[in-house]
Protein chains: 2
Amino acid sequence: MALVDAGVALLRERGPDKLSLRECAAKAGVSHAAPGYHFKNITGLSTAIAARGFALFCEAMEKRLEASAPAATERLSAICQGYLDFATEHPELFLFIFSGQKFNETDEDFALHTSRSYAILRETCAPLIPEGTDPEEIEILVWSLVHGYAHLAMTRKKENPGLGRGWPDFSTLMGHLHKALQASG
Amino acid sequence: MALVDAGVALLRERGPDKLSLRECAAKAGVSHAAPGYHFKNITGLSTAIAARGFALFCEAMEKRLEASAPAATERLSAICQGYLDFATEHPELFLFIFSGQKFNETDEDFALHTSRSYAILRETCAPLIPEGTDPEEIEILVWSLVHGYAHLAMTRKKENPGLGRGWPDFSTLMGHLHKALQASG
DNA sequence: AAGCTAACTTGACAGTGTCAAGATAAAGCA
DNA sequence: TGCTTTATCTTGACACTGTCAAGTTAGCTT
């Protein structure tokens, strides 16, 4: 959809909080109210853009998975790397989808891609769950760590300019995580 | 400052992306352009509100620290609990200060409270740094984990309604973290 | 040819941030 | 007392925003 393309481009140019129906319309070469026809309001357009964001998010993780060695720990590192790839390559989309603003959760596309992203995490974690512990415990542990790392790097970047630069590399954090999993399993 | 109070109340009522100079003015009982005098633009007001947010953030951590046992691991758990207290009690402020929007980083108040929050983290981590490892590595490890946990809980709350409810308690994640630190030290 | 529908456009409205200009009231000083 | 300066607003305007109602147009069906 051309309007979603325009929206993504707009976010990239102007920042994650500068989305505008009218500017999207102008960018796509249609009249100012055309977006209101396809998406009933700005939440609708935002949701479509967020769905696109989650799709790219999934692709980034899957791409790293395909190139990964088959060992479970390698695969876990791979999806984390994919997570960070997405945040690095699409910082505005990353902030946009995790901005806390309301999306239309009943939107089919949106629901599809958000649940797919969690499924990737779940399946990659599965072989690493220590006996007798709730899988969700490890999933949230991993997801919190990588999400927190990426999100802090983007939002507090004055003190720490740029994801990775000036920060400990994520692989060192991953090392600590693996130690914790070994100690539990 | 009454306008900042009004702004915080507005965020609480309407959500973290619904701040408006004119509505703040109305809430504070002044004319629509009065906020433009005190803060030269909406970024100025946002920065003042974010500074207030970081101050409350620091207070939440310090309050838990005062009630904590003196052991270093207890103190680390305490600031994490304070972190989560803040996110729970001021969800809109939490999302607002970590929204990724630009603040005026040269603002004195803002700089003071943001650096104070990082200093609390740094000092609490200090006794736990394993010999020969970069302190920042552990600081970012801890901060990423607790921030990721809190932020995911707030932004993806459809799948996981409410911080804590339906999620593994943070103390279990903290347990894994301590294991990792023991394995390193 | 007639009718129907999807995909728009046009025009209006209230709300927004921002700016320039004026008002008002207190404070400092002659 | 009167005059000037300064801080703190108010008023009014402008361009921009989302949203809605109404009109238009092109393509398909019958």
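Residue numbering restarts at 1 for every chain, and letters A, B, ... go by the order of the sequence lines. This structure is a prediction, so every number in the text was calculated from the model and none was measured.
Summarising the local packing, NZ of B:Lys63 is surrounded by 12 or fewer heavy atoms from other residues, nucleotides or ligands at distances under 6.0 Å.
Ring-plane geometry between A:Phe86 and A:His90 is classed as tilted, the angle between the planes lying from 30 to 60 degrees on a 0 to 90 degree scale. Note on ring orientation: taking the six-membered ring where Trp is involved, the planes of A:Phe98 and A:Phe57 are perpendicular (angle over 60°, cut-offs 30° and 60°).
Between A:Ser20 and the phosphate of D:dT17, there is a side-chain N or O to OP1/OP2 separation shorter than 4.0 Å. Between A:His38 and C:dC8, a side-chain N or O to OP1/OP2 separation shorter than 4.0 Å is present.
The separation between A:Lys40 atom NZ and C:dC8 atom P is 19 Å, rounded to whole Å. Taking atom CG of residue B:Leu45 and atom P of nucleotide C:dT18, one finds them 10 Å apart after rounding to whole Å. Rounded to an integer number of Å, the gap from A:Lys18 NZ to D:dG18 C1' is 16 Å. Rounded to whole Å, atom P of C:dA20 lies 13 Å from atom CG of B:Asn41. If you measure from atom CG of A:Leu19 to atom C1' of D:dC16, you get 15 Å, rounded to the nearest angstrom. Rounded to whole angstrom, the span from the CD1 atom of B:Ile42 across to the P atom of C:dG17 amounts to 4 Å. Separating the OH atom of B:Tyr37 from the C1' atom of C:dG17 is a distance of 19 Å, rounded to the nearest angstrom. When rounded to the nearest whole Å, the span between CG of B:Leu21 and C1' of D:dT10 equals 16 Å.
Nearest-nucleotide assignment on DNA chain C puts the 5′-proximal partner with A:Val30, out of A:Val30 and A:Arg22.
Closest contact between the side chain of A:Ala33 and the listed nucleotides C:dG11, C:dC19, D:dG18 involves C:dG11.
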Is there any protein nitrogen or oxygen under 3.5 Å from a nitrogen or oxygen in nucleotides 22-26 of chain C, and what are the pairs?
none

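B:His32 contributes no side-chain N or O that forms a donor-acceptor pair with the base of C:dG15 under 3.5 Å.
Ring pair B:Tyr149/A:Trp143: centre-to-centre distance not below 6.0 Å.
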As a quick check of understanding, evaluate salt bridge (Lys or Arg N to Asp or Glu O under 4.0 Å) for B:Glu123 and B:Arg75, giving each step before the final call. CA-CA 10 Å; B:Glu123 286 160 22; B:Arg75 287 173 62 82; over 6 Å; no
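In this structure, A:Asp107 has no side chain to side chain donor-acceptor pair (under 3.5 Å) partners at least two apart in sequence or on a different chain.
A:Ile49 is not connected to A:Tyr37 by any chain of hydrophobic side-chain contacts under 4.5 Å among Ile, Leu, Val, Met, Phe, Trp and Tyr, and they are in different clusters.
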